[in-house]
Amino acid sequence: MPTSNTKNYTSSHLSNEEQSKKATVEGTLRYVVHLNGTSQYLPHTIIIGVRKGGTRALLEMLSLHSDIAAAENEIHFFDWEKQYQHGVKWYLGQMPFSYPHQLTVEKTPAYFTSLEVPKRIHRMNSTIKLLLILRDPIERVLSDYTQVFYNHKQKNKSYPPAEELLLKNNELNTDYKAINRSLYEHYMEHWLKYFPLENIHIVDGDLLIRDPFPEMQKVERFLNLSPQINASNFYFNKTKGFYCLRDGGRDRCLHESKGRAHPQISTFLLGKLRDYFYKPNKKFFELVGRTFDWL
Ligand SMILES: Nc1ncnc2c1ncn2[C@@H]1O[C@H](COP(=O)(O)OS(=O)(=O)O)[C@@H](OP(=O)(O)O)[C@H]1O
């Protein structure tokens, strides 16, 4: 239970190191301290996207680590104008209660493709570590389509077949939003105006699906976490067709909305998508000094 006891953000019970880990807005915010010593902190790291990249899987897998405190819901603070107007105190209030040694993390996949967001995060904390999970841009388009298809289905609305939306007069319909969201190079260039590359760790979303443990080891290292997540935390679930999590003897898979079958597309459309993403993908590799298995 929270106490009525509020303290300044620069509370003296924190060591210098702990204090420096906390948000840059120290002194301006107050937070409630639970009797058990937990309180709310601004995120030390944010999973900024990409939509359908595997952000939920990444957050759940990171939460296997005892030094991680994750916000359950997508907060949309930096990309939704109305939320942003609530101010940073409101944002702080959305964070989970955690111990001073823990790192707070939130994920909002839409941040990566929202042009206002980098500037706003930078204003809050210019040295924050960011996590970005990307997968093959074509897979991401199909995953995005599938998501919207099911959103419509839930509301008993119909949604055109993928082929119909992605092609216009036998050419790729580049006005389709999901295609634009897969132009990683465009958005990355913008983020790099605000944050150095070494502060943005890119998780390979295709590898995270195929073999999550090595990808998670890299994330632990990036966040300077002790190596705690291990191979036995993951097991392949044949029915789901994905890795699931094993945590203290408890097995769990991601929600059924994660890992849905994608529509079959013609080789013609696939060819068009490959041609379209070839150059932006190459540019992206140059930008981040690393290649991915996307071409
Ligand atoms: N272990 C595991 N289990 C299930 N699903 C997994 C896993 N790892 C990665 N993924 C992939 O995550 C994709 C969904 O991505 P996001 O969580 O970022 O989607 S969202 O933007 O938050 O809606 C989701 O996309 P779809 O396959 O299109 O459903 C999955 O491919």
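Numbering of ligands and ligand atoms starts at 1, following listing order. In what follows, every heavy atom counts, from backbone to side chain, and hydrogens, waters and symmetry copies are set aside. Bear in mind the structure is a predicted one, so any value in this text is a computation, not a measurement.
Residue contacts with ligand 1 include Ile209, since one or more of its heavy atoms lies under 4.0 Å from the ligand. Using a 4.0 Å cutoff on heavy atoms, Lys107 counts as a contact of ligand 1. Residue contacts with ligand 1 leave out Glu139, since none of its heavy atoms falls under 4.0 Å from the ligand. For the pair Gly205 and ligand 1, no heavy-atom separation below 4.0 Å is found.
At least one N or O atom of Gly54, backbone or side chain, sits closer than 3.5 Å to an N or O atom of ligand 1. In terms of polar-atom proximity, defined here as any N/O pair under 3.5 Å, Lys240 makes no such contact with ligand 1.
Evaluated for a side chain to side chain contact (heavy atoms under 4.5 Å, CB included) with Leu42, the options Asn125, Thr104, Leu92 yield exactly one hit, Leu92. When Asn73, Thr45, Thr55 are each tested for a side-chain hydrogen bond (donor to acceptor under 3.5 Å, both in side chains) with Lys107, only one passes: Thr55.
In this structure, Arg120 forms a cation-pi arrangement with Tyr84, its terminal cationic atom sitting closer than 6.0 Å to the ring centre and no more than 45° off the ring axis.
Counting the atoms of ligand 1 from 1 in the order shown, those under 4.0 Å from a heavy atom of Ser143 are 25 (O), 26 (P), 28 (O). Within ligand 1, counting atoms from 1 as listed, the ones closer than 4.0 Å to a heavy atom of Gln147 are 23 (O). Atom numbering of ligand 1 starts at 1 in the shown order; those under 4.0 Å from a heavy atom of Arg56 are 17 (O). Near Arg260, meaning under 4.0 Å from any of its heavy atoms, are these atoms of ligand 1: 26 (P), 27 (O), 29 (O). Taking every non-hydrogen atom of His262 and a distance limit under 4.0 Å, the qualifying atoms of ligand 1 come out as 26 (P), 27 (O), 28 (O). Close approach of ligand 1 to Arg51 (heavy-atom distance below 4.0 Å) involves ligand atoms 21 (O). Annotation for ligand 1: atoms under 4.0 Å from non-hydrogen atoms of Gly53 are 15 (O), 18 (O). Near Ser257, meaning under 4.0 Å from any of its heavy atoms, are these atoms of ligand 1: 29 (O).
Atom 29 (O) of ligand 1 has as its closest protein heavy atom Gly259 N, 2.7 Å. With hydrogens left out, the protein atom closest to atom 2 (C) of ligand 1 is Phe242 CD2, 3.6 Å, a heavy atom. The protein heavy atom nearest to atom 1 (N) of ligand 1 is Tyr243 O, 2.9 Å. Looking only at protein heavy atoms, the nearest one to atom 23 (O) of ligand 1 is Lys52 NZ, 3.1 Å. Distance from atom 20 (S) of ligand 1 to its nearest protein heavy atom, with residue and atom name: Lys258 NZ, 3.5 Å. Ranking protein heavy atoms by distance to atom 8 (N) of ligand 1, first place goes to Ala57 CB, 3.4 Å. Considering only non-hydrogen protein atoms, atom 25 (O) of ligand 1 sits nearest to Arg135 NH1, 3.1 Å.
In this model, no donor atom of one side chain and acceptor atom of the other lie less than 3.5 Å apart for Gln102 and Tyr41. Checking Asn281 against Tyr276 by side-chain atom types alone, no donor-acceptor pair falls below 3.5 Å. Between the side chains of Arg140 and Ser182, at least one donor-acceptor pair of N or O atoms lies under 3.5 Å. In summary, the side chains of Ser98 and Gln40 do not present any donor paired with an acceptor at a separation below 3.5 Å, with no hydrogens or angles considered. For the 3.5 Å distance criterion, the side chains of Tyr111 and Glu116 fail to qualify, holding no donor opposite an acceptor.
Between Tyr176 and Tyr145, the ring-plane angle classifies as tilted under the 30° and 60° cut-offs.
If you take OH on Tyr150 and CD on Gln154, they are separated by 11.0 Å, rounding to the nearest 0.5 Å. Ile200 CD1 to Phe222 CZ: the interatomic distance, rounded to the nearest 0.5 Å, is 8.0 Å.
Contact detail for Ile128 and Pro43: the closest heavy-atom pair is CD1-O, 3.5 Å.
Looking at Cys253 against ligand 1, nothing comes within 4.0 Å, counting heavy atoms. Of all the heavy atoms of Pro109, the ones lying under 4.0 Å from any atom of ligand 1 belong exclusively to the side chain.
Using a 4.5 Å heavy-atom cutoff, the side chains of Cys244 and Asp251 are not in contact.
By the criterion of side-chain heavy atoms lying less than 4.5 angstrom apart, applied directly or through intervening Ile, Leu, Val, Met, Phe, Trp or Tyr residues, Leu270 is grouped together with Val141 in one hydrophobic cluster.
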